[in-house]
Number of protein chains: 2
Amino acid sequence: MLINELSKKTGLSTHTIRFYEKSGLIEGKQNKAVKSNNYFHYDEVTVEKLEFISDAKSVGFTIREIGQMIDAWYNQKYTKEQKLEILDDKLISLEQKMKEIKEMKKQIIEFKDDVLNDRC
Amino acid sequence: MLINELSKKTGLSTHTIRFYEKSGLIEGKQNKAVKSNNYFHYDEVTVEKLEFISDAKSVGFTIREIGQMIDAWYNQKYTKEQKLEILDDKLISLEQKMKEIKEMKKQIIEFKDDVLNDRC
DNA sequence: TACAACAATAGAGTATGGTCTATAGTTGAT
DNA sequence: ATCAACTATAGACCATACTCTATTGTTGTA
C-alpha cells in the first residue's frame, strides 16, 4: 500500500509516518521495476509497527527506545542475547513506571482526602 | 532559604527552579523590609512541591497538569468540587497509564518469547 | 488532455521542557 | 576594600517529537 492508505489504516498523518521513517522506525520499499515514480510501498508489518509505536509512545518510550525494541524484534541488527537484554531492559523500566504511578496514585488520594476534610 | 539551598535540597538546578517558578508551579517571597536586594525566599512547602513536581514529571504529567494539581491542593484558586474533579481526573489518567503499561508489558513479553524461540 | 488527488523531498515552524549565557548587582568572609 | 560566591533578569539555545509549507513530479478518472 502507499502512504495515504497506511495513514488511513493507522490514524497517523503522512507527515508523522514520514517522520518515523526518517527516524528509522519503519521502512517502505521502492519498486525498482517502476521507473516513472519513486513511491514507497508499505506492508502489513508496517501497520503493526506503527500501532506498536503509538502504544509505546503513549507509555512514554522515546523514539530511540522504540527503535531499539523494533530492531530487537523485527530486525537482525542484534544477537539473540542483545535482543533479550534490550527487551528485559524495557520491561524493567515499565516496572519502574508502574511503581511510580502507584506512588503518585497514593499521593493524589491523600490530596483528595485533605481536600475532603478541609485540611488544605 | 535562598534558591541555592533549595537547589541543593531538591537536586534541581537553580535554572530549573526558576523555570518552574516562571511556569507558576512554585512561588518565592521577597522580603520587602530588605531594600538592598530582591532575593526570593523559599519555604519547606516549596521543597515538598518540587519533590512532587519531580515525581509527577516522571509519571508523564505535563507542567500544566502538575500546576493544576498543585493549585488543587495548595491554593484557593478552585472550589472544593473543582479540586476533587481535577484530582479525580488525574487518578483516571493514572489508571489509564497503568492499563497501557500492562498491555505494553504483555507485548514485550511476547516479543521476548519470539526471540527465545527463534520466531523472528 | 485536463485536473484533482496523490507522491517525494527539503526545510521551516511549533510546543514542551528545560539549559545556558550575559549582564548587573549583592553578600559575606578576609 | 577586595573578591569569591551568590542573586535576579532577559533572552538565546537545545533536544524531542512532531507539523506544516513549498516545490516538483505522478497517477488516474472524466
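The chains referred to below are lettered A, B, ... by the order of the sequence lines, with proteins before strands, and numbering in each begins at 1.
- Taking only side-chain nitrogens and oxygens, A/R18 comes nearer than 4.0 Å to OP1 or OP2 of C/dA8.
- In terms of phosphate contacts, B/Y39 brings no side-chain nitrogen or oxygen within less than 4.0 Å of OP1 or OP2 of C/dG25.
- Shortest non-hydrogen contact noted between B/A72 and A/C120 is O-SG, 4.5 Å.
- Rounded to whole angstrom, the span from the CG atom of A/N37 across to the P atom of C/dT9 amounts to 11 Å.
- A close approach under 4.0 Å does not occur between any side-chain nitrogen or oxygen of A/N38 and OP1 or OP2 of C/dA8.
- The distance between atom CG of B/L50 and atom P of C/dG18, rounded to the nearest whole Å, is 11 Å.
- Distance CG (A/L2) to P (C/dA7): 5 Å, rounded to an integer number of Å.
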task: Show the numbers, then the answer: is there a side-chain contact (heavy atoms from CB on, under 4.5 Å) between A/M69 and A/F52?
output: CA-CA 10 Å; A/M69 286 190 276; A/F52 175 73; 3.9 Å; yes
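- When the nucleotides C/dG17, C/dG11, C/dT27 are ranked by their closest atom to the side chain of A/K22, C/dG11 comes out on top.
- Between B/F40 atom CZ and C/dT26 atom P the separation is 15 Å, expressed in whole Å.
- Atom CD1 in B/I66 sits roughly 13 Å away from atom C1' in C/dG18 (whole-Å rounding).
- Contacts between chain A and DNA chain D, taken as any atom within less than 4.0 angstrom of a protein heavy atom, begin and end at D/dA17 to D/dT27.
- A side-chain donor from one of A/K90 and A/Q68 sits under 3.5 Å from a side-chain acceptor of the other.
- Rounded to whole Å, atom P of C/dA8 lies 11 Å from atom CG of A/L6.
- Where B/T62 and B/S36 each meet DNA chain C at their nearest nucleotide, the meeting point lying more 5' is that of B/T62.
- Between the side chains of A/E100 and A/Q96, at least one donor N or O lies within less than 3.5 Å of an accepting N or O.
- Taking for each of A/V34 and B/I3 the nucleotide of DNA chain D with the nearest heavy atom, the 5'-most of the two is the partner of B/I3.
- Within 6.0 Å of the CD atom in A/Q82, the count of heavy atoms belonging to other residues, nucleotides or ligands exceeds 12.
- Between the NE2 atom of A/H15 and the C1' atom of C/dA7 there is a distance of 12 Å, rounded to whole Å.
- More than 12 non-hydrogen atoms from other residues, nucleotides or ligands lie less than 6.0 angstrom from NZ of B/K80.
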Under 3.5 Å, side-chain donor or acceptor atoms of residues 39-51 of chain B against the rest of the protein: list the pairs with distances, not counting sequence neighbours.
unit_1 : atom_1 : unit_2 : atom_2 : d
B/Y42  : OH     : B/E21  : OE1    : 2.5
B/D43  : OD1    : B/V45  : N      : 3.4
B/D43  : OD1    : B/T46  : N      : 3.0
B/D43  : OD1    : B/T46  : OG1    : 2.8
B/E44  : OE2    : B/K9   : NZ     : 2.7
B/E48  : OE1    : B/Y74  : OH     : 3.1

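- Separating the CD atom of A/E27 from the P atom of C/dA8 is a distance of 14 Å, rounded to the nearest angstrom.
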